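Just so you know, residue 1 is the first one in the sequence shown, and it goes up from there. These figures come from a predicted structure and were not determined experimentally.
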Amino acid sequence: MNRRELLKLTPVLALGAFAVPKWQDPLLKAGLGFSDWFSARLFRQGHLAPTFADSQLTAPDKFPLNSYDEDDPGVDLGEWSLTVSGQVQKPGEYALEQVQAFPKQTQNTRHVCVEGWDVIGRFGGTRLSDFLKSVDADLNAKFVYLECEDDYYESLDMETALHPQTLLCYEMYDQPLTRGHGAPLRLNIPTKIGYKQAKYLSSLKVTNVLDKIGYWEDQGYSSFYGL
């Protein structure tokens with residue numbers, strides 16, 4: 001059999017492999033892993049997500065409240081702080097006012113949900129890169145791992161964390177975040193799918209090792225999912 005004939009058989013062999021039940025999960029995981037790896041290789045900090053005019057914004061009351069468990073986990077906004085740990089020189093508890101002490105980035109960007117809908121919102125906050133530099137984080141570490149007040153959790157590769165449009169977001173539509181949208185602090189990452197943009201942030205850890213990747217990723221979803 002020559003090379004051309006063998007290439008013609010490749011799709012048939014692949015379909016045959018998926019027909020074997022015990023091979024389905026390993027093949028799907030391998031395919032998703034390759035897709036994440038390839039997408040990460042293409043990602044560049046200088047490549048920006050599209051931004052939009054104010055006239056193109058989705059009305060605030062039309063922006064869906066989408067939570068994994070509940071729309072309001074009952075965060076005590078007066079006592080809230082962000083716990084910072086891991087490979088940083090300045091670990092500790094950071095109040096919202098400290099997160100807000102940096103130049104505010106405001107951006108009109110698209111929020112894309114894995115469920116199939118998307119909207120354009122106005123988000124304001126501190127660049128995660130500015131905050132990481134302020135706590136003397138090891139910017140050569142691999143990951144930023146985040147936990148939330150509603151027990152959700154998520155992780156970002158460092159390249160995404162340092163992207164100029166990745167925000168520790170405390171405003172939407174020039175107003176403080178509402179409880180339904182993740183008050184007092186959430187992620188806004190227009191280069192990523194919606195489930196990467198965790199709400200109700202409670203802790204941030206810089207690390208080279210992840211015990212858990214993300215709530216949905218640990219159930220088989222893509223860990224990178226760039227847009």
Interatomic spacing from CD in Gln197 to CZ in Phe123 - rounded to 0.5 Å: 7.0 Å
Pair Lys212 + Asp218: basic N to acidic O under 4.0 Å: no
Test log, rule side chain to side chain contact (heavy atoms under 4.5 Å, CB included), inputs Asp151 and Tyr215: CA-CA 9 Å; Asp151 297 327; Tyr215 177 81; over 6 Å; no
Contact summary for Pro164 and Leu48, nearest pair of heavy atoms: CG-CD2, 3.7 Å
His163 side-chain N/O to His47 backbone N/O, donor-acceptor pair under 3.5 Å: yes
Where Tyr200 and Ala183 come nearest, the two heavy atoms and their spacing: CD2-O, 3.4 Å
Single-linkage hydrophobic cluster, 4.5 Å side-chain cutoff, Leu162 and Leu201 together: yes
Flag for Gln87-Asn208: side-chain donor and acceptor within less than 3.5 Å: yes
Check: Phe52 main-chain N/O paired with Asn108 side-chain donor or acceptor under 3.5 Å: yes
CG-CD1 distance between Leu156 and Ile213, expressed to the nearest 0.5 angstrom: 12.5 Å
Side-chain (Thr58) to main-chain (Ile120) donor-acceptor, under 3.5 angstrom: yes
Thr126 side-chain N/O to Leu168 backbone N/O, donor-acceptor pair under 3.5 Å: no
Rounded distance (nearest 0.5 Å) linking atom OG of Ser155 with atom CD of Glu147: 11.0 Å
Short side-chain to backbone donor-acceptor contact, Thr207 and Gly86, under 3.5 Å: no
Hphob cluster co-occupancy, Val88 + Leu187, side-chain heavy atoms under 4.5 angstrom: yes
Gln89/Asp136 under side chain to side chain donor-acceptor pair (under 3.5 Å): CA gap, chis, key distance, verdict: CA-CA 5 Å; Gln89 295 299 311; Asp136 289 340; over 6 Å; no
Common cluster, Val144/Leu139, ILVMFWY with side-chain heavy-atom separation under 4.5 Å: yes
Tyr152 side-chain N/O to Tyr195 backbone N/O, donor-acceptor pair under 3.5 Å: yes
Separation between NE2 of His181 and OH of Tyr173, rounded to the nearest 0.5 Å: 7.5 Å
Point-to-point distance, once rounded to the nearest 0.5 Å, from SG of Cys169 to CG of Leu185: 7.5 Å
With Tyr94 via ring-ring contact (aromatic ring centres under 6.0 Å, His included) - residues at least two apart: Phe131
Smallest separation among heavy atoms of Thr160 and Thr166, with atom names: O-OG1, 2.8 Å
Passing option when Glu171 is tested against Lys104, Arg186, Arg122 for salt bridge (charged side-chain N to carboxylate O under 4.0 Å, His left out): Lys104
Leu204-Leu167 co-clustered via ILVMFWY side chain contacts under 4.5 Å: no
Donor-acceptor contact present, side-chain Gln219 to main-chain Trp216, <3.5 Å: no
Considering all heavy atoms, the nearest Glu149-Ser202 contact: OE2-CB, 3.6 Å
CD (Glu79) with more than 12 external heavy atoms under 6.0 Å: no
For Lys196 against Ser223, the heavy-atom pair lying closest together: NZ-O, 2.8 Å
Pair Asp130, Gln105: side-chain N/O donor-acceptor within cut-off below 3.5 Å: no
Within-4.5 Å side-chain heavy-atom neighbours: Met158 and Val206: yes
Shared hydrophobic cluster for Leu65 and Val114 (ILVMFWY, side-chain gaps under 4.5 Å): no
From CA spacing to verdict: side chain to side chain contact (heavy atoms under 4.5 Å, CB included), Thr51, Gln165: CA-CA 10 Å; Thr51 56; Gln165 290 177 311; 3.9 Å; yes
Pairwise distance CG(Leu77) to CG(Leu96) - rounded to 0.5 angstrom: 9.0 Å
Side-chain heavy atoms of Asn66 within contact of Glu115, under 4.5 Å: yes
Any donor-acceptor N/O pair, Lys205 side chain to Phe143 backbone, under 3.5 Å: no
Aromatic ring pairing Tyr145/Tyr153, orientation class (parallel under 30°, perpendicular over 60°, tilted between): tilted
Over all atoms of both residues, closest heavy-atom pair of Ala161 and Leu132: CB-CD1, 4.1 Å
Plane angle bin for His111 and Phe63 - parallel if under 30°, tilted between 30 and 60°, otherwise perpendicular: tilted
